[in-house]
**Q** 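This structure is in structure tokens; I'll ask about it shortly.
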Amino acid sequence: MTSFRPAPAWLSDAVFYQIYPQSFADSDGDGIGDFNGITEHLDHLAWLGVDAVWINPCFESPFRDAGYDISDYLSLAPRYGTDDDLAEVVEQAERRGIRVLLDLVAGHTSDRHPWFTASAGDPDDHRYIWAAEGCPAGFVRSPGNRHGAYLPNFFDSQPALNFGYARMDPAEPWRQSVDAEGPRANRAALRDIMDHWLRLGLAGFRVDMAHSLVKDDPDRSATAGVWTELRGWLDAAHPEAVLLSEWGDPAVSVPAGFHADFFLQFGGPTNGGPLRSLWNNGEGTDNEGWDPLACFFDPSGKGSPRTFVEAWQAAREAIGGAGHIALPTSNHDFSRLNCGPRTAEQLPAAFAFQLTWPTLPAIYYGDEIGMRYIPGLPDTEGSVLGPRYNRAGSRTPMQWDDSANAGFSTARADRLYLPVDPDPGRPTVAAQMADERSLLHLVHRLIALRKATPGLGPDGSVEVLHSGYPFVYVRGGRHLVVINPRSAPATFTTDVVGEAGPRALEAEGVEAASGLVTARGFGYGVFDLGPASA
């Protein structure tokens, strides 16, 4: 494994919070969230206890894919505000002990990026992948004077930047090696982009589709080599910066140079099986090509945590001390926790697991109050990926209070980026802040407990006692965690529970005494077993 500079100390027990800027808070009444709206609500994040914020792409874009089609990496989209506005987010977040990361789209640009418009008229330009003649399968016909076609990376409007091919093929003469002129220029461009924003005080980047750079790279080794090179540069130029990857395979991406990688709904040997085995209940964002897999956090009780636990164990063994595995509650591409048959009463158990398992937690905006995935929304900025996969349902406005538009914006409702949850009983930050029994307060307490208890963090040991219903494990040799995500009660016998029972630190519907753990439906508990078990 390549030796990298150790990760910044703050990352070792960080809690991340993802902000979809279009939908978080609108300060100027145009119906779209912005930087000043984020600044106005930083106190909420500080109170919650998060350490770092990741903001989805906020650069110049035609927004055919919600900003993941960038037309200028060094300019911010006016709808979010100015460079000074972003600087204010960073400065005010820093005052509250919160770091800010941006989203780096490394593998493609918009077809309106000046790089692409120039390349579409110059057959000697190799910044993108071009087939000189015809239109091979998977390519898109040239929109300019250049003959042939280009390779897209996602939508047709997102031409793939050329980082080379891992394997040559005489039948495909457009393939270039990773050391050809075009790939070298693109690696240099990534360094320039990162350097520009890091010098303005950003803490790092979450890298979109990080696995997608080098083509025909079945084991991703050539792509890993690109990131190893970039991490070497980053360690020297910006030693306190971090890189998180959208790869979905921590066993490969972290040794390649990322400080952390997410378990995602795709990626890895089972195409996202570990995350989907926890949360995906077939509603909201569901890909018909995914293998059917009963999820553990479901009232029916047909799932199992084994798929996740075994994948986590394998990835942890592969990574060693080189980096971290991150676990999201959801994200802008995947259903929220509160989706379909999973309702608000089931979310406390989900967060009790999320904040006591040895991963870096990543809370998607609004999940801390139990916002719903909203079905049936129109295709918005490329949100629809399939007949049962509309990402807009996870991108609706943050629900701050019971004022118009749930406090997100003063714009008319028909001018909002997406409609607010129409349910009159929708959760809000204000209502839950006033109720100490709310999910919001529970998440706040669990984050505080995690920070005060090193054994509950990513470096603490974990011993799984029962990988069923209830899910029972011991953290740091001292803290017993019991999670029952199904509606029916569940029991488990264990000799780690003495006659008097352990001390409850955070529990609802779980009792433990005399060797027996009893959990009501949707019950959860975190207990201190005492120093004798340490």
Side-chain angles (χ1 to χ4, degrees), residues 2 4-5 57-61 68-76 83 101-130 146 150-153 158-166 168 174-217 220-247 253 256-259:
T2 303
F4 299 113
R5 183 186 178 94
C58 49
F59 309 108
E60 282 275 19
S61 171
Y68 281 94
D69 48 331
I70 294 174
S71 56
D72 186 347
Y73 286 100
L74 303 183
S75 297
L76 300 170
D83 284 20
L101 288 79
L102 297 185
D103 206 312
L104 177 65
V105 183
H108 57 264
T109 69
S110 165
D111 59 4
R112 298 187 190 178
H113 195 292
W115 293 345
F116 184 75
T117 55
S119 189
D122 181 0
D124 294 323
D125 184 293
H126 298 291
R127 191 176 283 278
Y128 299 86
I129 299 172
W130 289 91
R146 184 172 185 166
Y150 67 88
L151 181 69
N153 212 35
Q158 294 165 308
L161 286 164
N162 180 17
F163 289 93
Y165 278 76
M168 299 298 103
W174 58 81
R175 296 189 179 211
Q176 296 185 342
S177 76
V178 294
D179 291 320
E181 179 182 355
R184 289 202 313 271
N186 284 328
R187 295 201 300 273
L190 285 183
R191 292 194 297 270
D192 290 343
I193 294 163
M194 289 191 284
D195 185 67
H196 173 83
W197 294 109
L198 292 173
R199 288 184 183 279
L200 296 181
L202 278 300
F205 301 91
R206 175 267 191 188
V207 181
D208 176 65
M209 292 180 64
H211 62 284
S212 72
L213 301 194
V214 179
K215 306 306 181 187
D216 193 10
D217 185 19
R220 309 294 190 195
S221 60
T223 298
V226 172
W227 289 113
T228 297
E229 175 188 314
L230 289 169
R231 171 65 183 275
W233 166 81
L234 190 73
D235 280 352
H238 300 281
E240 292 302 305
V242 299
L243 291 178
L244 313 183
S245 63
E246 185 196 34
W247 194 306
S253 58
F258 284 94
H259 294 85

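If you're wondering where the values come from, they're calculated on a predicted model, not measured in any experiment.
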**Q** Do Arg112 and Thr117 have side-chain N/O donor and acceptor atoms under 3.5 Å apart?
**A**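 On atom types as modelled, these side chains do not qualify, holding no pair under 3.5 Å.
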**Q** Search all heavy atoms of Pro239 against all heavy atoms of Arg5 and return the closest pair with its distance.
**A**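 Heavy-atom minimum between the residues: CB-NE, 3.2 Å.
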**Q** Going by the rule side-chain hydrogen bond (donor to acceptor under 3.5 Å, both in side chains), which residues pair with Ser221 if we only count those two or more places apart in sequence or in a different chain?
**A**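 Per chain and number, Ser221 pairs via side-chain hydrogen bond (donor to acceptor under 3.5 Å, both in side chains) with Asp219.
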**Q** Going by side chain to side chain contact (heavy atoms under 4.5 Å, CB included), name the residues that satisfy it together with Leu243, two or more places apart in sequence or in a different chain.
**A**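 Listed in chain order: Met194, Phe205, Val207, Leu234, Phe258, His259.
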**Q** For Tyr68, what residues pass the side-chain hydrogen bond (donor to acceptor under 3.5 Å, both in side chains) criterion, not counting sequence neighbours?
**A**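 Partners of Tyr68 under the side-chain hydrogen bond (donor to acceptor under 3.5 Å, both in side chains) test: Asn56, Asp103, Arg206, His332.
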**Q** Please enumerate all residues that pass side chain to side chain contact (heavy atoms under 4.5 Å, CB included) together with Ala180, with sequence neighbours excluded.
**A**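 By the side chain to side chain contact (heavy atoms under 4.5 Å, CB included) rule, Ala180 matches Gln176, Ser177, Pro183.
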**Q** His238 and Asp195: side-chain donor and acceptor closer than 3.5 Å?
**A**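 Yes, Asp195 and His238 have a side-chain donor paired with an acceptor closer than 3.5 Å.
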**Q** Donor-acceptor pair, Asn162 side chain versus Gly182 backbone, under 3.5 Å?
**A**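 Side chain of Asn162 to backbone of Gly182: no pair is present.
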**Q** Can you list everything that forms a salt bridge (Lys or Arg N to Asp or Glu O under 4.0 Å) with Asp235? Sequence neighbours excluded, please.
**A**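 For Asp235 the salt bridge (Lys or Arg N to Asp or Glu O under 4.0 Å) partners, ignoring immediate neighbours, are Arg231.
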**Q** Test of understanding: with side-chain hydrogen bond (donor to acceptor under 3.5 Å, both in side chains), list the residues that count as partners of Ser110, not counting sequence neighbours.
**A**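 Ser110: no side-chain hydrogen bond (donor to acceptor under 3.5 Å, both in side chains) contacts found.
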**Q** Quick one: list whatever passes side chain to side chain contact (heavy atoms under 4.5 Å, CB included) with Ala189, sequence neighbours left out.
**A**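 Side chain to side chain contact (heavy atoms under 4.5 Å, CB included) check on Ala189 returns Trp115, Arg127.
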**Q** Residues two or more places apart in sequence or in another chain: which of them pass side chain to side chain contact (heavy atoms under 4.5 Å, CB included) with Asp216?
**A**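 Expected list: Tyr165, Arg167, Arg175, Pro218.
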**Q** In Å, rounded to the nearest 0.5 Å, how long is the span from CG of Leu198 to CG of Leu101?
**A**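 Separation between the atoms: 9.0 Å.
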**Q** Side chains of Thr109 and Tyr128 only: does a donor on one sit below 3.5 Å from an acceptor on the other?
**A**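 Indeed, the side chains of Thr109 and Tyr128 share at least one donor-acceptor pair under 3.5 Å.
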**Q** Arg187: which residues meet the salt bridge (Lys or Arg N to Asp or Glu O under 4.0 Å) condition with it, sequence neighbours left out?
**A**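 Testing Arg187 for salt bridge (Lys or Arg N to Asp or Glu O under 4.0 Å), a comparison that skips the adjacent residues, returns Asp179, Glu229.
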**Q** In chain order, what residues pass the side-chain hydrogen bond (donor to acceptor under 3.5 Å, both in side chains) check against Ser212, with sequence neighbours excluded?
**A**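 Ser212: side-chain hydrogen bond (donor to acceptor under 3.5 Å, both in side chains) contacts with Asn153.
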**Q** Using the ring centroid of each side chain, check whether Trp130 and Phe116 are separated by less than 6.0 Å.
**A**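 So the answer is yes for these two rings.
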**Q** Restricting to salt bridge (Lys or Arg N to Asp or Glu O under 4.0 Å), what partner residues turn up for Asp69, sequence neighbours left out?
**A**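 Asp69 satisfies salt bridge (Lys or Arg N to Asp or Glu O under 4.0 Å) with no other residue.
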**Q** Any pair with a residue in residues 175-198 that passes ring-ring contact (aromatic ring centres under 6.0 Å, His included), sequence neighbours left out, goes on the list, sorted by first then second residue, please.
**A**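 ring-ring contact (aromatic ring centres under 6.0 Å, His included) check on residues 175-198 returns Phe59-Trp197.
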